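Here's the structure we're looking at; comments come further down.
Below, each value reflects all heavy atoms present in this structure, side chains not excepted, and no hydrogens, waters or symmetry copies. Small disclaimer: the values here were computed from a predicted structure and weren't measured.
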Amino acid sequence: MEQNENASSAPTGNDHAESLEARRRRLIFRAQHRGTFETDILIGGFVDRHVNGMNAEQVADMEHVLQLPDPDLTDWLFGRLPIPEEKKTPMLVALVDDALTRMGKKEATA
């Protein structure tokens, strides 16, 4: 019986896609419910606009970003402090660039 359970729990192509979709849905919820109105809008808006085009690696990067402390994220999002080199990931840089552009603090890049 134990062997059958292991065999049936192996991910299939559909399970992987569903798993990524479930992670995307959780990501949207988490991004829109950070705790402060401003970060909910900035982070949630970014995730909502980009999540469907994110691959598994990008979703993981965004999940990591959402684990960062709110005070740090807020300082970076509002341009009060630069992102420290050791914290920079492609997703965090894109998120901060998007936030600064939306607030009119940075020119949009093509």
Side-chain angles (χ1 to χ4, degrees):
M1 178 86 175
E2 191 174 310
Q3 192 174 29
N4 287 343
E5 288 175 9
N6 288 339
S8 67
S9 66
T12 64
N14 282 344
D15 291 339
H16 177 69
E18 290 177 55
S19 174
L20 183 56
E21 285 305 312
R23 287 174 63 201
R24 286 176 175 154
R25 285 190 302 273
R26 280 192 303 274
L27 197 59
I28 292 169
F29 181 84
R30 288 180 58 210
Q32 293 176 344
H33 296 86
R34 296 285 304 172
T36 63
F37 181 72
E38 294 84 2
T39 57
D40 288 354
I41 289 175
L42 292 173
I43 299 171
F46 175 84
V47 170
D48 195 44
R49 287 190 313 279
H50 298 283
V51 73
N52 289 327
M54 290 181 190
N55 61 31
E57 183 179 329
Q58 292 167 323
V59 168
D61 192 359
M62 192 67 213
E63 288 168 339
H64 175 74
V65 167
L66 292 180
Q67 293 175 3
L68 294 168
D70 279 344
D72 292 343
L73 273 175
T74 301
D75 283 341
W76 303 329
L77 288 169
F78 286 92
R80 292 189 288 251
L81 292 174
I83 304 169
E85 285 300 317
E86 69 274 7
K87 299 287 185 185
K88 281 187 179 179
T89 66
M91 193 60 65
L92 181 57
V93 170
L95 173 64
V96 170
D97 285 348
D98 181 75
L100 294 174
T101 300
R102 290 178 70 199
M103 290 184 289
K105 294 183 177 184
K106 183 177 179 176
E107 292 285 324
T109 56

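Contact check for T39 versus L73: no side-chain heavy atoms found under the 4.5 Å cut-off.
Within the model, atoms CG of L27 and CD of Q32 stand 10.0 Å from one another, a figure rounded to the nearest 0.5 Å. To the nearest 0.5 Å, atom CZ of residue F46 and atom CD1 of residue I43 are 10.0 Å apart. Here CZ of F37 is found 9.5 Å from CG of L42. Values are rounded to the nearest 0.5 Å. Here CZ of R24 is found 12.0 Å from CZ of R26. Values are rounded to the nearest 0.5 Å. Expressed to the nearest 0.5 Å, how far CD1 of I41 lies from CG of L77 amounts to 12.0 Å. In this structure, the separation between CE on M54 and CG on L20 is 10.5 Å, given to the nearest 0.5 Å.
Put simply, V51 and F29 are part of two different groups of oily side chains (I, L, V, M, F, W, Y) that touch within less than 4.5 Å, one to the next.
D70 pairs by the side chain to side chain donor-acceptor pair (under 3.5 Å) definition with R34, not counting sequence neighbours.
Without hydrogens or angle criteria, K105 side chain to F78 main chain gives a donor-acceptor distance under 3.5 Å.
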Under 3.5 Å, which donor-acceptor pairs do the side chains of residues 60-68 form with other protein atoms, sequence neighbours left out?
from	atom 1	to	atom 2	distance (Å)
D61	OD1	T89	OG1	2.9
D61	OD2	M91	N	3.1
E63	OE1	R23	NH2	2.9
E63	OE2	R23	NE	3.1

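Residue pairs satisfying the side chain to side chain donor-acceptor pair (under 3.5 Å) criterion with at least one member in residues 42-56, sequence neighbours excluded, are listed as follows: R49-D98.
Heavy-atom minimum distance, L100 versus G79: CD2-N, 3.6 Å.
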